[in-house]
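Encoded as structure tokens, the structure appears first; notes follow it.
Each chain gets a letter, A, B and so on, in the order its sequence line appears, and its residues count up from 1.
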Protein chains: 2
Amino acid sequence: MTERQNKRVTSVDIAKAAGVSQSTVSRALANDQRISETTRREIKKLAARLGYTPNEMARSLQTQKSTMIGVIMADLQNPYYPAVLEKLTQKIHAMGRQLLLLSVPDGVSVDEMLPSMLSYQVEGIIITSAVLSSRMHDHLRDLNTPVVLYNRSVESFFINSVCCENVVASRKVADLLVRGGNSRVAFIGGHVDTSTHRERRIGLQEGLRQHGLDIVSEDVGGNSYDGGYRAALNLLSQTPRPDAIFCIADVMALGALDAARSGLGLSVPGDVSIVGFDDIPAAAWPAYDLTTVRQPSESMVGKALSLLLEPKGSPPAAVRVPGELIIRGSARLG
Amino acid sequence: MTERQNKRVTSVDIAKAAGVSQSTVSRALANDQRISETTRREIKKLAARLGYTPNEMARSLQTQKSTMIGVIMADLQNPYYPAVLEKLTQKIHAMGRQLLLLSVPDGVSVDEMLPSMLSYQVEGIIITSAVLSSRMHDHLRDLNTPVVLYNRSVESFFINSVCCENVVASRKVADLLVRGGNSRVAFIGGHVDTSTHRERRIGLQEGLRQHGLDIVSEDVGGNSYDGGYRAALNLLSQTPRPDAIFCIADVMALGALDAARSGLGLSVPGDVSIVGFDDIPAAAWPAYDLTTVRQPSESMVGKALSLLLEPKGSPPAAVRVPGELIIRGSARLG
DNA sequence: CTGAAAGCGCTAACAG
DNA sequence: CTGTTAGCGCTTTCAG
């Protein structure tokens with residue numbers, strides 16, 4: 001066997017082999033109408049035979065535009081996000097682009113991760129479950145790099161975002177809980193400084209107040225199963241015991257359910273109603289049968305991408321999509 | 001407010017501002033020893049002030065080496081993989097590289113996805129839960145692009161892979177199931193044409209045969225919760241009913257558990273022992289309390305990356321890491 | 001210690 | 001319809 005070439009074949013190689021200029025190759029491969037049918041076919045055949053793969057680096061260096069989209073995920077542990085990521089990869093691939101993924105370790109800010117992504121000249125960045133400093137936001141605007149926040153919104157400055165209608169959905173949950181006979185409703189949040197936490201809490205409170213009630217006690221669970229478990233243990237040990245818990249993430253609601261049942265021997269929804277948010281796959285499993293608010297990730301991902309690739313200069317938008325209440329067996333609802 | 005520049009600052013901009021040549025800037029930023037301490041500091045300060053980000057595209061075009069690693073995931077729905085992906089992103093980032101992610105939709109082969117990744121000149125590719133045609137494998141070798149299979153192995157041609165010691169671990173499961181008093185052991189596989197399926201099945205069978213037993217019945221669940229649920233429903237409806245089920249993925253084992261309990265009103269492990277594989281987070285939740293084999297993803301990911309970046313020309317290796325039996329409450333074990 | 005110049009693989013004027 | 005040429009932003013000889 002001969003020594004391997006070990007070199008990628010370039011458009012110059014094809015040009016030589018075809019006896020034409022390199023630019024003709026470039027044009028033929030780009031289906032430029034000015035190239036004759038004959039040579040174009042010849043060149044394409046040659047390219048296939050030589051195993052040619054265009055060099056996207058060189059192309060984007062020349063065209064001054066990249067076709068990579070950066071995605072920064074803060075919470076891959078939360079079972080809601082794998083489905084979001086899968087939809088992102090598939091839609092981005094379908095648009096002929098590539099996805100550059102970064103996940104933010106605990107205790108690291110998105111700001112620190114961004115520069116490494118920016119050196120790859122990404123076309124835009126989608127950030128899930130995290131926000132940006134306003135300084136970084138300005139920097140990105142100077143760089144002309146669009147950003148969309150997924151599942152977070154910011155009021156202090158204008159930035160694209162896609163979120164669920166958190167307040168509306170949570171208000172509805174509160175209303176149905178009260179109509180279902182629950183009157184001591186507790187709240188398990190994620191991180192107090194996030195918009196999802198604030199908005200879902202406000203919605204719950206507003207809904208309760210319409211019935212002359214309020215949140216009786218609350219805790220945070222950091223959007224993790226264990227955090228939800230611990231928070232529920234805490235809330236359900238207080239007297240009088242809450243008769244319902246609204247969790248802002250399904251994964252915490254599952255923890256809360258297990259805390260109630262396995263930890264404290266309570267019946268759900270007999271002793272306590274539990275409602276979540278997201279509609280992760282496990283929410284539908286019979287062991288949990290969790291009543292929850294579905295976030296329509298398919299359409300949210302679609303909107304995030306179209307916001308991202310909108311013509312430059314469009315004013316930033318805060319897109320809201322309605323959540324859908326999925327009624328299962330974990331709560332007494334009116 | 002003045003019109004925005006909207007142009008990224010390049011090393012030329014810094015050179016102009018500093019009154020030096022562009023190559024001096026390049027060297028200073030690369031900490032080249034030949035540049036005087038004074039100018040180096042000056043240049044770095046300037047770079048920071050102008051918000052300079054090096055263009056990685058241009059760099060890799062010049063140096064003929066990319067710092068992006070491609071990851072192809074076939075099974076992001078399986079809760080085992082998000083943790084793998086998170087470890088990959090973090091390790092890859094720590095190595096100063098970027099991760100290009102592609103997920104394979106159902107019914108699409110990895111071969112079809114590869115070219116789009118190759119045009120980005122990735123340094124190497126990690127493929128989880130899927131394999132490559134030998135044609136594509138040859139092509140990659142010609143391109144000098146290393147590949148590592150994660151959780152799949154191939155016997156027919158040499159390719160790097162990292163897997164759990166599936167046979168050993170499954171044999172152990174069989175042994176302990178029999179010693180625990182189970183004698184009619186059923187098997188729920190994933191896809192018959194995968195190495196994980198075959199190896200875990202063989203291990204189970206070998207272990208049973210040492211006790212003069214064999215697999216009493218089997219089905220496949222496509223590595224999904226629903227598939228596991230359906231398969232268990234099927235197997236547990238046969239007479240005589242199996243008294244144990246070994247599932248090759250935790251997510252199917254959870255489905256099987258729910259099928260046994262909620263679907264058929266059986267007790268686990270009273271009527272049927274259930275054992276999984278992977279040790280996903282949900283396996284530890286009290287609602288399931290699943291006995292399973294832990295795949296040490298931390299070390300598997302580490303090995304995959306070091307295999308990938310090994311000096312070129314090293315012979316391909318099939319790395320095997322031991323699985324760890326995690327005994328919980330879902331099985332009667334000896 | 002620093003500058004000039006070449007060139008990575010490609011696209012896109014500009015010529016013919 | 002096709003070739004020539006310039007140049008994207010960077011690294012890296014080669015000179016000085």
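Recorded end-axis angle for the helix from dC1(C)-dG16(D) to dG16(C)-dC1(D) stands at 40°, based on five pairs per end and rounded to 10 degrees.
Of the listed nucleotides (dG9(D), dC14(C), dT4(D)), dC14(C) has the atom at the smallest distance from the side chain of R34(A). Distances were taken from every side-chain heavy atom of T10(A) (C-beta onward) to each of dT11(C), dC1(C), dC10(C); the shortest belongs to dC10(C).
Between the C1' atom of dT5(D) and the CZ atom of R27(A) lies a distance of 12 Å, rounded to the nearest Å. To the nearest angstrom, P of dT12(D) lies 15 Å from CD of Q33(B). When rounded to the nearest whole Å, the span between CZ of R59(B) and C1' of dG7(C) equals 17 Å. For the pair I35(B) CD1 and dT2(C) P, the computed distance is 5 Å after rounding to whole Å. Here dT2(C) presents its P atom at 14 Å from CG of L29(B), a figure rounded to the nearest Å. M57(A) has its CE atom 22 Å from the P atom of dG7(C), to the nearest Å. Rounding to whole angstrom units, CG of residue D32(A) and P of dA12(C) are separated by 10 Å. If you take NZ of K65(B) and C1' of dT12(D), they are 14 Å apart, rounded to a whole angstrom.
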What do the steps show when you test T67(A) against Y120(B) for side chain to side chain donor-acceptor pair (under 3.5 Å), and what is the final call? CA-CA 10 Å; T67(A) 52; Y120(B) 287 82; 2.4 Å; yes
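Between Y120(B) and dG9(C) there is no side-chain N or O to OP1 or OP2 distance below 4.0 Å. An OP1 or OP2 oxygen of dT11(D) is reached within less than 4.0 angstrom by no side-chain nitrogen or oxygen of S23(B). For dG9(C), one of the phosphate oxygens OP1 or OP2 lies less than 4.0 angstrom from a side-chain nitrogen or oxygen of Q64(B). An OP1 or OP2 oxygen of dT11(D) is reached within less than 4.0 angstrom by no side-chain nitrogen or oxygen of T63(B). In this structure, S36(A) does not reach the dC1(D) phosphate: none of its side-chain N or O atoms is under 4.0 Å from OP1 or OP2.
Taking all atoms of both residues into account, the shortest heavy-atom contact from T128(B) to M73(B) is OG1-CA, 3.3 Å.
When the shell of 6.0 Å around NZ of K303(A) is examined, it contains 12 or fewer heavy atoms from other residues, nucleotides or ligands. The neighbour count for N31(A) CG, taken as heavy atoms of other residues, nucleotides or ligands under 6.0 Å away, is above 12.
A residue-by-residue look at L61(B) and S21(B) shows that S21(B) has its nearest nucleotide of DNA chain C further toward the 5' end. DNA chain C is contacted by both E37(B) and A58(B); E37(B) maps to the nucleotide lying nearer its 5′ end (nearest heavy atom per residue).
For dT2(C), the base has no donor-acceptor partner in the side chain of T39(B) [N/O atoms by modelled type, under 3.5 angstrom]. Applying the 3.5 Å distance criterion, the base of dA12(C) shares no donor-acceptor pair with the side chain of S26(A).
The CG atom of L100(B) sits 7.5 Å away from atom CG of L102(B), with the distance rounded to the nearest 0.5 Å. To the nearest 0.5 angstrom, I69(A) atom CD1 is 10.5 Å from M117(A) atom CE.
With respect to the salt-bridge test (charged N to carboxylate O, under 4.0 angstrom), the residues K65(A) and E123(A) do not qualify.
Every side-chain contact (heavy atoms from CB on, under 4.5 Å) that T194(B) has, sequence neighbours left out, goes to R152(B), H191(B), T196(B), H197(B).
Residue Q22(B) is classed as a base contact, given a heavy-atom separation below 4.0 Å to a base.
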